[in-house]
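Letters A, B, ... are given to chains in the order of the sequence lines, protein chains preceding strands, and every chain is numbered from 1.
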Amino acid sequence: MALTRLRGFQDLIGPDARAVGFVEQCARTVAERYSISEIRIPLLERLELYQRSSGETSDVVEKQMYAFADRDDAQTTLALRPEGTPGVVRAYIDAGLDRSDPEQRFYYYGPMFRRERPQKGRFRQFNQFGVEIFGRADAACDADLIIMVDEFRRELGLEVEFQVNSLGDATCRPAFRQALLEWGRAHLDQLCEDCHARLERNPLRLLDCKTDVKLAATAPSSADYLCDPCRKHIETVEELLTKANVPYVVNPRLVRGLDYYTRTTFEAISNAVGAQSAVVAGGRYDGLVEALGGAAVAGTGFAIGVERIALALDADRFKRDGAPDAAIIAMGDRATVTAMDLARELRTARLRVEMLSPERGLKALLRRADRLGAHFALIIGDNELAQSVVQVRDLRNSAQQSLPRADIAMHLRAALIR
RNA sequence: GUGAGUGUAGCUCAGUUGGCAGAGCACCGGGUUGUGGCCUCGGUGGUCGAGGGUUCAAGUCCCUUCACUCACCCCA
């Protein structure tokens, strides 16, 4: 049995790792600009947390979780986090912030785990960058988050389509849900197999049936059932997006798989990542903090699928990165001592330096320096030692000069600046 | 969980009616006793995904199985 990587888990190497890192860094930069601060929380929580927040019947909780018994006497059931929001809410309540200082702005970054069948843009371990805002019930806050996502995707040079919708709240959603249920029962014979299952479990999902789109289009629309405050809320969000020049489309069939969402819901869709096209998704969850035992505090947020974003980015951008400024080639033991000393000096001067193996020939090492994309090759052999010099070869134009050992750092710094 | 497609060198793939496992790229070395790329010559590298069957003979035909990919489902 070979020791291969687990299905749905990935090793990110070289350009792939850089692409994901770039997305993470970009998201952090934008979030900081919005005065959002980082929160770091565990990857492992009680299973119950997810059961109580995501809804017992959601697929995530029902069949996608990595859950197992802890080794304590009480046999606590633990779960690797399938998403970030419940953990952040739990931490927020744990710290007593819901009572002491309810208005908080958090971002998190890290791996999530879901045991799904892998496909393009879908993995069993994947990274999410998420933002959660507590204590803000206003529409401006929702709009601000979408505007932030737009800023983020613009910095990456990524084209997406924003879709927005409102799911209503505790006042008006029950009536909408009931209407869908009745519509579904009335069209029972026309519904596809999947929709039969959806009907009783999660009627909202009837709306995004892909088997019979035409039929789904005749289903009741949430817009027709919104109460006045909910209608006003989504109208304000849309108005603010328009004023901020964020293009969006209203998708009345946009629903969420997780039960805790209320009112505003949105997604950013990319056509560059296969069928799993939602690269960012979010919305409002005003009842969640209270449902998890905290005060009645509003919440809203989103999560970015980091790998999906990376997939949508131009892969060539990350090919030639991480190339050293200088590759040092030492021939012989004495030269190696001098070379390591030189390397340390250059690194202190903030240059990116790689020592090449002293056990191979000059030709091979130059070839390697070239392949690494090094700007300079620094060659030290017996001749150079005798004269206290270093051969400085510019690999881009093949210009080579012999320079005093003491002048190397200054020379390279000057050469690399232009 | 369901369906389809694909498994041959590290990577991308060729392999005819069943007849000695190949190419390009990558890697290593020579052409240059201490000078990269381009060129040229050579080399390393394979349980042909695995197991079974048919056959004188299987990468090729049959059965089973596993993995990967994409899609459904679901979702970031």
Mind checking [X] for me? I need base, sugar-phosphate or nothing, with any heavy atom below 4.0 Å counting as a touch.
| X | value |
| --- | --- |
| A:Ala377 | nothing |
| A:Glu267 | nothing |
| A:Arg368 | nothing |

Quick check: any donor-acceptor pair below 3.5 Å linking the side-chain of [X] to the base of [N]?
| X | N | value |
| --- | --- | --- |
| A:Glu384 | B:rG34 | yes |
| A:Asp382 | B:rG34 | no |
| A:Gln64 | B:rC73 | no |

Check your understanding: RNA chain B: A:Met331 or A:Arg7, which has the more 5' nearest nucleotide?
Key ->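 So the residue in question is A:Met331.
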
Review point. Toward the 5' end of RNA chain B, which comes first, A:Arg117 or A:Val306, by nearest nucleotide?
Key: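 In this pair, the answer is A:Arg117.
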
Point to revise | side-chain hydrogen bond (donor to acceptor under 3.5 Å, both in side chains) assessment of A:Thr300 paired with A:Asp142 | key: CA-CA 7 Å; A:Thr300 182; A:Asp142 294 349; 2.9 Å; yes

Which nucleotide, in any strand shown, forms a Watson-Crick or G-U wobble pair with [N], with both distances under 3.5 Å?
| N | answer |
| --- | --- |
| B:rG59 | none |
| B:rG37 | none |
| B:rA71 | B:rU2 |
| B:rC27 | B:rG43 |
| B:rA50 | B:rU64 |
| B:rG22 | B:rC13 |

Practice item. Among the candidates B:rC73, B:rU35, B:rA76, find the nucleotide nearest to the side-chain atoms of A:Ile379. Key: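 Selected nucleotide: B:rU35.
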
Tell me the interatomic distance from [X], atom [atom1], to [N], atom [atom2], rounded to whole angstroms.
| X | N | atom1 | atom2 | result |
| --- | --- | --- | --- | --- |
| A:Arg122 | B:rG1 | CZ | P | 12 Å |
| A:Tyr108 | B:rA76 | OH | P | 9 Å |
| A:Phe123 | B:rA76 | CZ | C1' | 10 Å |
| A:Arg371 | B:rC38 | CZ | C1' | 17 Å |
| A:Asp370 | B:rC27 | CG | P | 10 Å |
| A:Leu366 | B:rU32 | CG | C1' | 13 Å |
| A:Lys363 | B:rC38 | NZ | C1' | 12 Å |
| A:Arg367 | B:rC27 | CZ | P | 8 Å |

Review point. Does the ring center of A:Phe129 lie less than 6.0 Å from the ring center of A:Tyr108?
Key: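 Centroid separation for A:Phe129 and A:Tyr108: 6.0 Å or greater.
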
Check your understanding: Below 6.0 angstrom between ring centroids: does that apply to A:Phe9 and A:Phe123?
Key ->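 No, the ring centres sit 6.0 Å or more apart.
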
Exercise for review: Considering only NZ, NE, NH1 and NH2 on the basic side and carboxylate oxygens on the acidic side, decide whether A:Asp394 and A:Arg396 come within less than 4.0 Å.
Suggested key: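 Looking at A:Arg396 together with A:Asp394, the answer is no, because their closest N to O distance does not fall below 4.0 Å.
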
Point to revise | Whether A:Phe176 and A:Tyr225 hold their rings parallel, tilted or perpendicular, with breakpoints at 30° and 60° | key: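 The arrangement is tilted - the two ring planes meet at 30° to 60°.
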
Exercise for review: Could you note down all residue pairs passing side-chain hydrogen bond (donor to acceptor under 3.5 Å, both in side chains) where residues 85-94 of chain A supplies at least one of them, sequence neighbours left out?
Suggested key: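 For residues 85-94 of chain A: A:Glu45-A:Arg90, A:Thr85-A:Glu132, A:Arg90-A:Asp94.
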
Review point. Are A:Arg360 and B:rG29 close enough that a side-chain N or O sits under 4.0 Å from OP1 or OP2?
Key: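 Checking B:rG29 against A:Arg360, a side-chain N or O does come within under 4.0 Å of OP1 or OP2.
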
Review point. Can a side chain N or O of A:Gln119 be found less than 4.0 Å away from OP1 or OP2 on B:rA71?
Key: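 Yes, within the criterion.
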
Review point. Considering only the C1' atoms, how many Å lie between B:rU8 and B:rA23, rounded to the nearest integer?
Key: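 The same atom, C1', in both gives a distance of 12 Å.
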
